[in-house]
Amino acid sequence: MTEPVLVAVAWPYASAKIHVGNITGAYLPADILARYHRLRGRDVLMVSGSDSHGTPVTVRADQEGLTPEEVYKRFHAEFIQLFQKLGLTYDIFTSTHTRNHFDVASKLFLSLKENGYLFTEASMQWYSTEQGRFLPDRYVEGTCYFCGNTNARSDQCDNCGHLLEADKLIDPRSKIDGSTPELRETTHFYLDLEQLQDEVAEFLRDRQDYWRPNVMRQSLGQIETEGLRGRPITRDLSWGIPVPVEGWDEKCMYVWFEAVIGYLSSVVEWGLLHDKPDAWRHWWTNQESRTLYCIGKDNIPFHAIIWPAELIGVGQSFDEKMGAEDPQSLVLPYDVPANEFMNLEGQKLSGSKNWAVWGLDFLERYDPDPMRYYLTVNMPETRDTDWDWEEFYQRNNNELVATWGNLANRVLSFAYKNWEGNIPDPGELRGSDKALLETIRKGFKTVEANLEAVKLRAAMLEAMRLAAEVNKYLDTAAPWFEIKSDRSAAGKTIYTALQAIDGLKIIFSPFLPHSSEKLHSYLGYEKTIYGSLVTEEVEDDLSTHTVMLYDPGDSLTAGSEDLWKLSDLPPGKSFKQPSPLFQKLDESIVEEERGRLG
RNA sequence: UGCGGGGUAGAGCAGUGGUAGCUCGUCGGGCUCAUAACCCGGAGGUCCUUGGUUCGAAUCCAAGCCCCGCUACCA
C-alpha cells in the first residue's frame, strides 16, 4: 500500500441536470487530480454519489406525479451516463439512498450525540393542515410586512429585498395548494457549532498558508468575525434518513448534514463491494491520508466548517462503532480547493431559462476532450469565468488542434512514412536532442508542482508550452530537409520528437485522457494508461441502486509504479498508422450553439 | 444597506515597490513533415480617475467612479 489520496467530490443534487459550470467547478478538477495521483502510483480513491434526499427532490416529484425515489433514480442514471462519457474516474459513484449510507450517517449522528455535540430546541414553523405536514419556508407566500408586496416568500421579499421572519408574514398561504398554513411548534436537533468553534478555527489556521484565499475568507474569516452558532440538522420531512433516536422517526436528518457524510460512507461501500470491509480505514483513520475536497464556492461553509466540525465532534466514536479494537479519530480535510462559478456568454447560468451548456447535450455533438480542455484553461480557480462559444471554437482550433494535435500528427506521420512504422534507431543523440528531452523532463517537474498545488490552469498552460517547444525543435532541426541528405540525422530528430510526445502524452493524460490513450495506442503500446468505468446494480433492504466503479484492469496505472516521467522508447518498436487526435470545428457552430440558448 | 470579487494591449488573463508580461487574434516574413497546421519577427497599453507616500508605484495609502456576485431551509 502506498500513499493514500482521497479525492472527495461534491455530490450532485438529484433534481437537476449537470451543466458545464458544475463540471468545471468540481467534477473535472477532481478527475484531473485523481488521474495525476494514479500516475504517481498512489492509492487513489475518488468518491461521490447522488444527493438523493431533501426538498427539491420531493418538490419535483410532486410536480411530475412521481415518487422521490423515481426522480432521484432518473437523474442518477443520467449522471452516470455523463461521467462515463466524459471519463471521470470515480472509484465509486453511489447514492445517499442506500442502507450503507443510512447506517454510516446514523452512526455518525449518534457519535456526535453521545459526545455531547447535539442539542434540541423548539421553534415555530408553518404547518399545512390540508397536507398534514410542515412546509419549507419557500413554499409559503404572503404579504410582506415591510412593503406590502402580496407575493413575498416567507423567508424573503423579492420586491423590497428584505429578509423576512417567517412567522411575521401577513396572510400566509401554501404555494402548493393555496391553503392557509398555521404556526406550529416543532423540535429539532442542532449541531453545537459554538462548542466546536475553537477546534475548527485551529484546524483552519493550520492550513492557512496553502489553502486558497477565497476558501479561507469564507471559513476562518467568518469564524473570526461572526463566530458560529448551532444549526438545525433535522427536518420535518419524510424523504431522507430517519433520525436514529427513539420517538424521532417521523423526522429526517437534514440533507446538508447527511450528504457530506457520503464522503465517508462511499469509501465504506467501496470496501464492501471489493470484499475489503476494513479498507476504508486506509483513507479515513490513517493520518498519512491526503483528502482533497473538490467543490464549488456555494459549498465552502459546509466543507470548510461544518464537515470538519462533524469530524472533530465524532472523535474516535465512529471507528469504535465500526468495531475497531483500537479506535482512531477521522482524518480532517487536507485541502478544499473550491472553485468559483462559470457564467455563459456573459450571463449567469439558469436552468429554467435554458441558459446553460448541458453536459450530456454537449457530448451529443462534440468529443469529451475539447470540453475538458476548454473547461480547464477556463477553470474558475480564482474568480468567476465565462463560457463563450466563440472562444471555445477558437481555442479548440488554434490551441488544441494546432499546437498539440498537430504536433503528434506531424511527428507520427513523418515517422510512419519514412521508417515503415518502426521507431528509428537514433544512435548517439546530439546536444540539441538532449536539450529538448531535458526541457520535457523539467516540464514534468513544473507541471507536477502546479498539480500538487491544485493550479490546474497553470499546469495545462505549461503542458501546451512544452508542446510548442517540440514544434520549435522540429522547425529548427527540419527532418524533412535532413532526410534528403542525411537519413541518420533525420532519425535522431524523429526519435527525439517521438520520445518527447511519448512523454507529453503522460503529462496531458490527466487533462485529456481520451486523446492520450489514442496517442498511446498509436505509439504501439499494448496496455492502456488508465482503467475503465463499469456499473453494477446493488440491492439492499432499502432499495436497489446503480453504482459506477472504476476498474483499473491491467492498465499501466493499476500497479503502484510512478509513471510521471519520460520513459525510454525502444528503437525498432513498431507503431501504428496515426490519424488526427482532435477534429477542427467549423465556425458555424458558434452561431448554431448560441441559437440553442434561451 | 451590508459583505465579497474585479477594472492591465482587440479578447482572456499573469504580475503586490525597481526599465509592463503570457495565450489567442492582428500585420509582415520563413517552412512545407503536419488538420492552410508549424516557426520567426513587428505593431498594439495614460496598468479606471484624482491626490498622497517614496529616489522610484500597476504594485502601498486616501478619496471617488464603474462592473459583477452573495446577503435563500435552492446543501
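Here the structure is a predicted model, which means the values were calculated and not measured. Values reported hereafter were calculated over all heavy atoms of this structure, with side chains retained and with hydrogens, waters and symmetry mates removed.
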Take the protein atom OH of A/Y72 and the nucleotide atom P of B/A75, then report the distance between them rounded to whole Å.
17 Å

Check A/L28 against A/L375 and note the closest heavy-atom contact, atom names and distance.
CD2-CB, 3.7 Å

For B/G41, give its Watson-Crick or G-U wobble partner with both distances under 3.5 Å, or none.
B/C27

Same-atom distance (P) from B/U59 to B/G7, integer angstrom:
12 Å

How would you label the contact of A/E399 with the nucleic acid (heavy atoms, under 4.0 Å): base, sugar-phosphate, or nothing?
sugar-phosphate

Could you walk me through whether A/D475 and A/R410 pass salt bridge (charged side-chain N to carboxylate O under 4.0 Å, His left out), step by step?
CA-CA 11 Å; A/D475 249 65; A/R410 71 194 291 210; 3.5 Å; yes

Atom-to-atom span, CG of A/N450 to C1' of B/C22 - whole angstrom
14 Å

Please report the distance separating the C1' of B/A63 from the corresponding atom of B/G41, rounded so that it comes out in whole Å.
45 Å

Say whether, by atom type as modelled, one donor and one acceptor occur between the side chain of A/D51 and the main chain of A/W11 under 3.5 angstrom.
no

Side chain of A/R383, heavy atoms from C-beta onward: which of B/C70, B/C13, B/A75 has the nearest atom to it?
B/C13

Could you tell me whether A/R74 and A/E64 have a side-chain N and a carboxylate O separated by less than 4.0 Å?
yes

If pairing means Watson-Crick or G-U wobble with both distances under 3.5 Å, then the partner of B/U8 is B/G15

Which residue, A/A478 or A/F582, contacts RNA chain B at a nucleotide closer to its 5' end, judged by nearest heavy atom?
A/A478

Nearest to the side chain of A/N299, heavy atoms from C-beta on, is which of B/A34, B/U23, B/A75?
B/A75

Separation of the P atoms in B/C27 and B/A37, to the nearest angstrom:
13 Å

P-based separation of B/U8 from B/C13 [nearest Å]:
9 Å

A/P12 or A/G405: which one's nearest nucleotide on RNA chain B is closer to the 5' end?
A/G405

Distance, rounded to the nearest Å, where A/M464 contributes CE and B/A14 contributes P:
19 Å

Which letters describe nucleotides 36-41 of chain B, given B = protein heavy atom under 4.0 Å from base, S = only from sugar-phosphate, - = neither?
-SBSS-

If I take atom CH2 from residue A/W358 and atom CD1 from residue A/I18, how far apart are they, to the nearest 0.5 angstrom?
10.0 Å

Please state whether the phosphate of B/C24, meaning OP1 or OP2, lies under 4.0 angstrom from any side-chain nitrogen or oxygen of A/R465.
no

Evaluate the criterion side-chain hydrogen bond (donor to acceptor under 3.5 Å, both in side chains) for residue pair A/Q394 and A/E390; output intermediate values, then yes/no.
CA-CA 6 Å; A/Q394 296 277 0; A/E390 170 77 24; 2.8 Å; yes

Decide side-chain hydrogen bond (donor to acceptor under 3.5 Å, both in side chains) for A/N339 and A/R212; before the verdict, give the C-alpha distance in whole Å, the side-chain angles of both, and the deciding distance to 0.1 Å.
CA-CA 9 Å; A/N339 279 327; A/R212 291 184 181 172; 2.8 Å; yes

When the P atoms of B/U35 and B/G6 are compared, how many Å lie between them, rounded to an integer?
44 Å

Distance, rounded to the nearest Å, where A/N378 contributes CG and B/G12 contributes C1'
8 Å

Heavy atoms under 4.0 Å, any strand shown: does A/P479 hit a base, just sugar-phosphate, or nothing?
nothing

Would A/F189 and A/W248 count as a close aromatic pair, with their ring centres under 6.0 Å?
yes

Whether A/K297 contacts B/G69 is assessed here as follows: a side-chain N or O lying under 4.0 Å from the phosphate OP1 or OP2. Is that the case?
no

Measure CH2/A/W239 against P/B/A75 and give the value in whole Å, please.
15 Å

Interatomic distance where CZ belongs to A/F481 and P belongs to B/C31 [whole Å]
11 Å

Looking at A/T382, does any N or O in its side chain come under 4.0 Å of the phosphate oxygens OP1/OP2 on B/A14?
yes

For B/U46 versus B/A57, give the span between their C1' atoms, rounded off to a whole number of Å.
15 Å

P atom, B/A62 versus B/C68: distance in rounded Å?
26 Å

What residues form a salt bridge (Lys or Arg N to Asp or Glu O under 4.0 Å) with A/R231, not counting sequence neighbours?
none

Would you measure the distance from the P atom in B/G10 across to the matching atom in B/G18 and give it in whole Å?
25 Å

Among B/C33, B/A75, B/C24, find the nucleotide with the atom closest to the side chain of A/V260.
B/A75

Report the distance from atom CZ of A/R395 to atom C1' of B/C22, rounded to the nearest whole Å.
11 Å

Round to a whole Å and report the spacing from OH of A/Y263 to P of B/A75.
13 Å

Picking from B/C24, B/G7, B/A75, which would you name as closest to the side chain of A/Q394?
B/C24

Touch check for A/H303, heavy atoms < 4.0 angstrom, all strands: base, sugar-phosphate only, or nothing?
base

A/Y254 vs B/C74: side-chain N/O to OP1/OP2 distance below 4.0 Å:
yes

Determine if A/F414 stacks with B/C33; use a centre-to-centre distance below 5.5 Å and an interplanar angle below 30° as the criteria.
no

Under a 3.5 Å limit on both distances, the Watson-Crick or wobble mate of B/C3 is B/G69

Tell me which one of A/F257, A/Y293, A/F302, A/W256 satisfies side chain to side chain contact (heavy atoms under 4.5 Å, CB included) with A/W307.
A/Y293

Taking pairing as Watson-Crick or G-U wobble with both contacts under 3.5 Å, can you name the mate of B/C60, or confirm there isn't one?
B/G52

Is A/R217 near enough to B/G5 that one of its side-chain N or O atoms lies under 4.0 angstrom from OP1 or OP2?
yes

Sugar-phosphate, base or nothing in reach of A/E482, heavy atoms under 4.0 Å:
nothing

